[in-house]
Amino acid sequence: MSLSSHLEELKRKHQSLSEAVEAEQRSPGTDALRITELKKQKLRIKEEISRLSTS
């Protein structure tokens with residue numbers, strides 16, 4: 001997998017997680033632990049995108 005396709009895949013995953021976080025926050029009876037885990041995953045992906053973009 002080329003670097004650019006890997007970055008695109010990471011960006012898609014990041015966007016998907018953003019949408020999942022928003023959906024969880026809007027739904028009643030939201031599990032705060034689930035939202036926290038989604039946000040952590042999103043941050044890890046964002047950090048990897050940043051690291052790969054600057055290398």
Side-chain angles (χ1 to χ4, degrees):
M1 179 184 293
S2 72
L3 179 60
S4 61
S5 62
H6 185 60
L7 281 170
E8 287 304 313
E9 180 61 27
L10 288 172
K11 289 176 183 179
R12 280 192 291 276
K13 287 181 181 179
H14 186 268
Q15 181 60 37
S16 177
L17 285 168
S18 291
E19 292 166 4
V21 167
E22 289 176 18
E24 288 287 332
Q25 288 176 329
R26 285 192 304 267
S27 72
T30 300
D31 181 8
L33 188 58
R34 168 94 173 123
I35 292 174
T36 300
E37 184 56 37
L38 289 170
K39 286 182 175 182
K40 284 180 183 179
Q41 289 176 25
K42 187 177 157 188
L43 180 58
R44 281 192 294 270
I45 290 172
K46 183 176 181 179
E47 288 171 344
E48 186 173 354
I49 290 169
S50 177
R51 183 178 58 81
L52 291 173
S53 294
T54 60
S55 57

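Because only heavy atoms are used, hydrogens play no part in the values below, and waters and symmetry mates are left out as well, while side chains stay in.
Atoms CD1 and CD, from I45 and E9 in turn, are 9.0 Å apart once rounded to the nearest 0.5 Å. To the nearest 0.5 Å, atom CD of residue E37 and atom CG of residue L17 are 10.0 Å apart.
A donor-acceptor pair under 3.5 Å is formed between the side chain of S18 and the backbone N or O of H14.
For R26, the side-chain contact (heavy atoms from CB on, under 4.5 Å) partners at least two apart in sequence or on another chain are E22, A23. Checked against side chain to side chain donor-acceptor pair (under 3.5 Å), E19 has the following partners two or more places apart in sequence or in another chain: Q15. For S2, the side-chain contact (heavy atoms from CB on, under 4.5 Å) partners at least two apart in sequence or on another chain are S4, S5. Take E24 and apply the salt bridge (charged side-chain N to carboxylate O under 4.0 Å, His left out) test, not counting sequence neighbours, and it matches R34. Applying the side chain to side chain donor-acceptor pair (under 3.5 Å) rule to T36 yields no partners; only residues at least two apart in sequence or on another chain are considered.
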Solution key, residues 46-54 side-chain donor-acceptor pairs under 3.5 Å, sequence neighbours excluded:
from, atom 1, to, atom 2, distance (Å)
E48, OE2, H6, NE2, 3.2
S53, OG, I49, O, 2.8
T54, OG1, S50, O, 3.2
T54, OG1, R51, O, 3.2

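When the shell of 6.0 Å around NZ of K42 is examined, it contains more than 12 heavy atoms from other residues, nucleotides or ligands.
Residues L3 and L10 share a hydrophobic cluster, clusters being chains of Ile/Leu/Val/Met/Phe/Trp/Tyr side chains in contact below 4.5 Å.
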